[in-house]
Amino acid sequence: MIELVRNVRMWFAPQEIRHEGSTPDYRFSLANERTFLAWLRTALALIGGGFAVDQFLPDLRWAWRAGLALALLGSGVLCALRAVNHWVRCERAMRRGEDLPVSRFPALLSIVVAVVAVAMVVVVLAGWAG
């Protein structure tokens with residue numbers, strides 16, 4: 001828990017990371033930043049998908065529409081928060097000369113997106129049949 005609090009503090013004070021180990025090759029830090037930006041693009045796409053489901057499927061029953069939209073919006077929020085936390089953890093590991101941290105989050109996010117996609121297929125097929 002203490003490590004999580006320390007990571008969250010570094011979200012808002014990134015200059016503190018300079019006190020960790022030694023400066024890595026800048027190419028690695030820039031690659032870490034590009035990965036962070038890719039996670040943010042994914043988060044924005046999920047959030048946009050949530051709003052699209054809510055706004056462009058008015059004929060869908062409210063419970064389905066709200067559930068699918070909230071699943072996408074929640075995934076986008078978690079993805080954005082996870083992006084910055086992963087960036088800090090990787091930067092610290094590179095500075096300390098440690099292995100990069102592993103995470104189950106990509107698998108969890110993939111499962112959530114797949115479940116939402118399957119639900120959308122069911123909704124579309126049920127709409128065509130009805």
Side-chain angles (χ1 to χ4, degrees):
M1 185 66 171
I2 293 171
E3 192 71 20
L4 175 64
V5 171
R6 185 156 187 226
N7 283 343
V8 171
R9 282 192 7 220
M10 283 192 188
W11 295 3
F12 303 102
Q15 68 276 6
E16 293 297 317
I17 207 155
R18 290 191 175 144
H19 301 297
E20 300 280 336
S22 60
T23 302
D25 186 332
Y26 289 109
R27 292 174 293 178
F28 300 126
S29 289
L30 293 172
N32 189 27
E33 186 175 336
R34 284 190 301 273
T35 302
F36 166 73
L37 294 172
W39 278 100
L40 283 185
R41 283 190 302 272
T42 302
L44 287 170
L46 289 166
I47 291 167
F51 280 119
V53 165
D54 184 52
Q55 294 298 308
F56 298 120
L57 298 174
D59 296 334
L60 190 60
R61 282 189 8 210
W62 181 85
W64 275 100
R65 192 174 76 225
L68 293 171
L70 288 174
L72 289 169
L73 290 167
S75 296
V77 168
L78 289 175
C79 191
L81 294 174
R82 182 67 181 118
V84 69
N85 190 50
H86 187 72
W87 175 80
V88 166
R89 290 174 61 214
C90 286
E91 194 67 27
R92 288 177 72 200
M94 287 188 297
R95 289 178 160 279
R96 293 175 175 175
E98 299 172 352
D99 289 340
L100 294 178
V102 295
S103 174
R104 291 185 184 105
F105 185 76
L108 176 65
L109 182 64
S110 297
I111 290 168
V112 169
V113 169
V115 167
V116 170
V118 168
M120 291 298 297
V121 167
V122 169
V123 166
V124 168
L125 291 176
W128 283 350

Shortest non-hydrogen separation from Gly50 to Ala69 and the atoms involved: O-CB, 3.3 Å

When you compare the side chain of Glu91 with that of Met10, does any pair of heavy atoms fall below 4.5 Å? no

Following the transitive rule for hydrophobic clusters with a side-chain heavy-atom cut-off under 4.5 Å over Ile, Leu, Val, Met, Phe, Trp and Tyr, establish whether Phe12 and Trp87 coincide in one cluster. yes

Taking all non-hydrogen atoms of both residues into account, name the closest pair between Ala93 and Pro101 and its distance. CB-CD, 4.0 Å

Determine, stepwise, if the pair Val123 / Arg65 fulfils side-chain contact (heavy atoms from CB on, under 4.5 Å). CA-CA 10 Å; Val123 166; Arg65 192 174 76 225; over 6 Å; no

side-chain contact (heavy atoms from CB on, under 4.5 Å) between Phe105 and Asn85, intermediate numbers included: CA-CA 11 Å; Phe105 185 76; Asn85 190 50; over 6 Å; no

Report the distance from atom CG of Leu70 to atom CG of Asp54, rounding to the nearest 0.5 Å. 8.0 Å

Asp25, CG atom: more than 12 neighbouring heavy atoms under 6.0 Å: yes

Report, as yes or no, whether the 6.0 Å neighbourhood of atom CZ on Arg96 holds more than 12 heavy atoms from other residues, nucleotides or ligands. yes

Say whether Leu46 and Trp64 are linked into one hydrophobic cluster, either directly or through other cluster members, by side-chain heavy-atom distances under 4.5 angstrom. yes

Sub-4.5 Å side-chain heavy-atom contact between Arg92 and Glu98: no

Give the cluster check for Phe56 versus Leu72: same hydrophobic cluster or not, with ILVMFWY residues linked at side-chain heavy-atom distances below 4.5 Å. no

Looking only at heavy atoms, what is the nearest atom pair of Ile17 and Arg95, with distance? O-CD, 3.3 Å

Mind checking the OG1-CZ spacing from Thr23 to Phe28? Nearest 0.5 Å is all I need. 13.5 Å

Spacing of CE belonging to Met94 relative to CD belonging to Glu20, to within rounding of 0.5 Å: 12.0 Å

To the nearest 0.5 Å, what is the distance between OG (Ser75) and CG (Leu108)? 8.0 Å

Does Ile47 share a hydrophobic cluster with Phe36, counting links as ILVMFWY side-chain heavy atoms below 4.5 Å and allowing steps through other members? no

Say whether Ser103 and Arg89, considering side chains only, have a donor N or O and an acceptor N or O under 3.5 Å apart. no

Rounded to the nearest 0.5 Å, what separates atom CG in Leu40 from atom OG1 in Thr35? 11.0 Å

Do Trp11 and Val88 pass the side-chain contact (heavy atoms from CB on, under 4.5 Å) test, and can you show the C-alpha distance, the side-chain angles, and the key distance before you say yes or no? CA-CA 7 Å; Trp11 295 3; Val88 166; 3.7 Å; yes

For the residue pair Leu109 and Cys79, what are the closest heavy atoms and their distance? CD2-SG, 4.0 Å

Are Leu73 and Val115 in one and the same hydrophobic cluster, where Ile, Leu, Val, Met, Phe, Trp and Tyr link if side-chain heavy atoms are under 4.5 Å apart? no

Heavy atoms only: give me the nearest Ala71-Val112 pair and the separation to one decimal. O-CG1, 4.4 Å

